[in-house]
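For the numbers below, each heavy atom of this structure counts, side chains included, while hydrogens, waters and symmetry mates do not.
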Amino acid sequence: KNFCVVQTYGESIKVNGATVKGFWYTTSTYTVNSILNGDNYAGAPFDNSDWFKCVLYPTPMEGNGGARFEIDLAKDGDYVKEWKYCDLSNVAAFKNVKEISFGFEGSRSNDYGVLTPAYICIDDIEVE
């Protein structure tokens with residue numbers, strides 16, 4: 001019934017040394033509307049050459065970061081239409097992390113970042 005909507009303005013989820021095993025995600029309706037119908041900011045509707053992704057950046061409790069994990073939200077003329085599970089249980093960079101930061105990348109970008117509405121919906125984060 002409740003879920004988190006993450007956008008691109010420096011959001012992070014603090015987990016204070018936990019291992020992040022995974023979470024459920026989907027594309028937000030605002031993003032879907034832009035992908036399907038276009039808008040004044042991002043331009044025409046997406047075609048088969050367009051893509052859009054969320055990038056996760058885990059920050060380890062100790063040492064330097066630098067890892068990234070990509071989640072495709074739209075590619076090859078299609079987009080994520082339902083809740084999908086992001087399995088991080090075998091990704092070493094998500095063990096013993098301080099926080100996870102979010103970013104977005106896409107084919108519709110300029111010098112300031114992506115033009116597609118940069119949102120992802122997240123639910124049921126599993127940590128241990």
Provide the closest heavy-atom pair for Gly77 versus Asn48 in the form atom of the first, atom of the second, distance.
CA-OD1, 3.3 Å
What is the distance from atom OG of Ser107 to atom CZ of Phe52, rounded to the nearest 0.5 Å?
9.5 Å
If hydrophobic clusters are built by linking Ile, Leu, Val, Met, Phe, Trp and Tyr wherever their side-chain heavy atoms come under 4.5 Å apart, do Phe94 and Ile125 end up in the same one?
yes
Shared ILVMFWY cluster between Val91 and Ile13, side chains joined below 4.5 angstrom?
yes
Interatomic spacing from OG1 in Thr27 to CG in Asp72 - rounded to 0.5 Å:
10.0 Å
Quick one: does Glu105's side chain get under 4.5 Å of Trp51's, heavy atoms only?
yes
Given Leu88 and Phe23, is the side-chain contact (heavy atoms from CB on, under 4.5 Å) satisfied, shown in steps?
CA-CA 8 Å; Leu88 300 169; Phe23 58 85; 4.0 Å; yes
Determine yes or no for a side-chain-to-main-chain donor-acceptor pair under 3.5 angstrom, with Asp39 supplying the side chain and Tyr41 the backbone.
yes
Members sharing Trp24's hydrophobic cluster, built from side-chain contacts under 4.5 Å between Ile, Leu, Val, Met, Phe, Trp and Tyr, are Phe3, Val5, Tyr30, Trp83, Tyr85, Tyr119
Given Tyr25 and Asp123, is the side-chain contact (heavy atoms from CB on, under 4.5 Å) satisfied, shown in steps?
CA-CA 6 Å; Tyr25 71 94; Asp123 202 5; over 6 Å; no
Which heavy atom in Asp87 sits nearest to a heavy atom in Ser89, and how many Å separate them?
OD1-OG, 2.7 Å
For Cys86 and Phe69, the nearest pair of non-hydrogen atoms, with its separation, is SG-CE2, 3.5 Å
Of all heavy-atom pairs between Cys4 and Val6, which one has the smallest distance, and what is that distance?
SG-CG2, 3.7 Å
Look up atom CD in Glu62 and atom NZ in Lys98, then write down how far apart they are to the nearest 0.5 Å.
9.5 Å
When every non-hydrogen atom of Gln7 is compared with those of Phe104, the smallest separation belongs to C-CE1, 3.7 Å
Point-to-point distance, once rounded to the nearest 0.5 Å, from CG of Asp47 to CD1 of Ile35:
12.0 Å
Determine whether the side chains of Thr31 and Ser28 contain a donor N or O and an acceptor N or O closer than 3.5 Å.
yes
Any donor-acceptor N/O pair, Ser12 side chain to Glu99 backbone, under 3.5 Å
no
Sub-3.5 Å donor-acceptor pair from the side chain of Arg108 to the main-chain atoms of Ala42, do we have one?
yes
Can Lys95 and Glu128 be counted as an ion pair, charged N to O under 4.0 angstrom?
no
Just verifying a value: how many Å separate Thr26 OG1 and Leu73 CG, rounded to the nearest 0.5 Å?
8.0 Å
Within this structure, what is the CG-CD1 distance for the pair Leu56 and Ile71, rounded to the nearest 0.5 Å?
4.0 Å
Could you check whether any side-chain heavy atom of Ile100 comes within less than 4.5 Å of a side-chain heavy atom of Thr59, counting everything from C-beta outward?
no
For Lys53, does the NZ atom sit with more than 12 other heavy atoms under 6.0 Å from it, leaving out its own atoms?
yes
Do NZ/NE/NH1/NH2 and the carboxylate oxygens of Glu82 and Lys84 come within less than 4.0 Å?
no
